[in-house]
A.B. asks: 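One structure, pasted below without further comment.
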Amino acid sequence: MNTNTLEPPIPTNARRRFPRKSSAARPSQRTARLAGRALLLAGIAAVTGAFAQTRTRAELTFPDLPGFVTLRCDFHMHSVFSDGSVWPSVRVEEAWRDGLDVIAMTDHLEYLPHKDDLGANYARPYEIARAAARPLGLVVLRAAEITRGEPPGHNNAIGLTNVPAVNEKDNALAVSNAFVQGAFIFWNHPGWKQPENKSIWYQEQDDYFQKGWLRGIEIVNGPDYDPIAHQWCLDKKLTMLGNSDAHDPMAFDYGSTPSDRRPVTLVFATTRNPEAVKEALFARRTAVLSQGQLMGEPDYLAPLFQGSLEIVNPEIRISGKGRALVQIRNKAPINFECRLSPKLPECDVQEKAVFVAGKISLFEVRCVSDRVNGEQEILLPCKVLNLLVQPNKGLSTSLRLRIRFEPAS
């Protein structure tokens with residue numbers, strides 16, 4: 001988001017100043033040269049090693065849904081061509097490292113603090129990013145942020161064909177020009193600058209919604225989740241999005257663990273290209289990943305959950321009223337925090353279970369009936385607390401197990 005302030009960048013030729021030592025404490029010139037050379041080589045090795053380590057890609061492993069590929073996306077970020085502090089190609093490699101498939105460069109049209117250095121070239125962020133993305137296999141969408149006061153707030157237009165045509169002083173005309181280009185338009189961080197940071201649906205939003213211009217809302221912007229916006233998306237049938245809104249280098253604000261990585265919009269597209277991404281956005285086939293949670297509709301969260309779990313030992317056997325340990329692999333990049341219905345006619349299970357991201361977790365099942373024999377499919381009712389189908393409501397689904405019950409020996 002545009003804070004209308006910009007911290008001055010640290011000059012690349014800046015030097016760290018140290019106190020001057022007395023002449024008695026100075027080493028000989030030869031010793032100083034050797035020490036300096038050793039420090040230089042050590043510095044080069046450290047920088048090279050760190051650079052090599054960071055140029056790796058984290059895999060955000062979510063399953064494809066039936067008929068769709070799951071794409072990891074960030075549709076809100078800035079570069080030096082507006083109020084960001086990095087070059088567009090840096091945004092591309094950051095996205096590649098973070099396991100993303102699709103990004104949109106959404107530089108502001110109105111706020112250009114680096115204009116004296118770079119001019120007002122609205123086409124360049126996309127051109128630079130697209131060239132950098134091609135060898136990495138990332139998809140880049142041509143986009144821009146239409147920045148106004150509150151209301152009407154800020155809107156991103158994704159999939160533009162002519163960015164300069166959207167640079168109009170009248171906000172309604174700017175949004176209309178984006179709409180006629182076929183762009184997908186969504187409302188950014190609706191709670192920003194609102195009383196108590198609570199989102200308000202203004203008349204301007206209603207006008208854009210009624211005209212079909214407004215098609216989505218950020219329910220997550222940076223680290224902030226907005227339950228009001230989440231409920232609006234459900235009530236008004238708008239697309240849910242979660243984006244970084246990055247201005248500084250990504251590592252300044254986000255890490256690599258589930259709780260501190262950048263937010264991601266999962267898009268369920270028919271194929272991996274810009275047109276398919278736009279089609280999925282208009283069709284509302286999205287979910288939002290943020291801080292170890294997934295937000296979305298049950299039609300998408302349920303198959304994501306089911307497709308992420310694998311029974312490692314499918315031959316589950318229980319003798320008499322004994323018990324068995326089930327090994328469940330979670331291939332997703334987040335934990336699944338589950339609450340189970342512990343007592344069923346055939347068996348008993350633990351009430352709470354956490355299936356840890358990228359690991360195999362043990363899960364205990366105990367037979368409670370003497371009259372159960374043979375192989376049966378057991379559906380364990382399960383609520384996944386960190387998969388939100390609406391604010392404060394977890395996904396209701398089931399764990400499917402096949403168990404062979406055998407008489408006690």
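Index from 1, following the sequence.
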A.B. asks: With rounding to the nearest 0.5 Å, note down the distance linking NE2 in H78 to OG in S244.
C.D. replies: 8.5 Å
A.B. asks: Taking the six-membered ring of F209 (Phe, Tyr or Trp), confirm whether the NZ or CZ of K236 is under 6.0 Å from its centre and within 45° of its axis.
C.D. replies: yes
A.B. asks: Looking at CZ of R366 and CD of Q350, how far apart are the two atoms once the value is rounded to the nearest 0.5 Å?
C.D. replies: 12.0 Å
A.B. asks: Report yes or no: is the cationic atom of K237 (NZ for Lys, CZ for Arg) under 6.0 Å from the centre of the six-membered ring of W232, at an angle within 45° of the ring normal?
C.D. replies: no
A.B. asks: Please tell me whether Q390 and H230 have a donor and an acceptor in their side chains that are separated by less than 3.5 angstrom.
C.D. replies: no
A.B. asks: In Å, rounded to the nearest 0.5 Å, how long is the span from CD1 of I217 to SG of C233?
C.D. replies: 4.5 Å
A.B. asks: Could you grab the distance from atom CG of L100 to atom CZ of R91, nearest 0.5 Å is fine?
C.D. replies: 12.0 Å
A.B. asks: About how many Å separate CG of N188 and OG1 of T106, when rounded to the nearest 0.5 Å?
C.D. replies: 7.0 Å
A.B. asks: Will you find, in the side chains of H108 and D83, an N or O donor that is under 3.5 Å from an N or O acceptor?
C.D. replies: yes
A.B. asks: Does N335 reach the main-chain N or O of A357 with its side chain, forming a donor-acceptor pair under 3.5 Å?
C.D. replies: yes
A.B. asks: Please test Y122 against N167 for side-chain hydrogen bond (donor to acceptor under 3.5 Å, both in side chains), starting from the C-alpha separation and ending with a verdict.
C.D. replies: CA-CA 9 Å; Y122 298 114; N167 187 25; 2.9 Å; yes
A.B. asks: Under the ring-ring contact (aromatic ring centres under 6.0 Å, His included) test against F81, which residue among Y126, Y111, W87 passes?
C.D. replies: W87
A.B. asks: Under 4.0 Å between a Lys/Arg side-chain N and an Asp/Glu carboxylate O for R404 and E315?
C.D. replies: no
A.B. asks: What distance separates R262 CZ from L60 CG, expressed to the nearest 0.5 Å?
C.D. replies: 9.5 Å
A.B. asks: Between P63 and L304, which heavy-atom pair has the shortest distance, and what is it?
C.D. replies: CG-O, 3.7 Å
A.B. asks: Do we see a donor-acceptor contact under 3.5 Å between the side chains of Q194 and N197?
C.D. replies: no
A.B. asks: If you measure only the distance, is there a donor-acceptor pair under 3.5 Å linking the side chains of S308 and N330?
C.D. replies: no
A.B. asks: Between W187 and H154, is the ring centre distance below 6.0 Å?
C.D. replies: no
A.B. asks: With under 30° as parallel and over 60° as perpendicular, where do the rings of F184 and F186 fit, or are they tilted in between?
C.D. replies: tilted
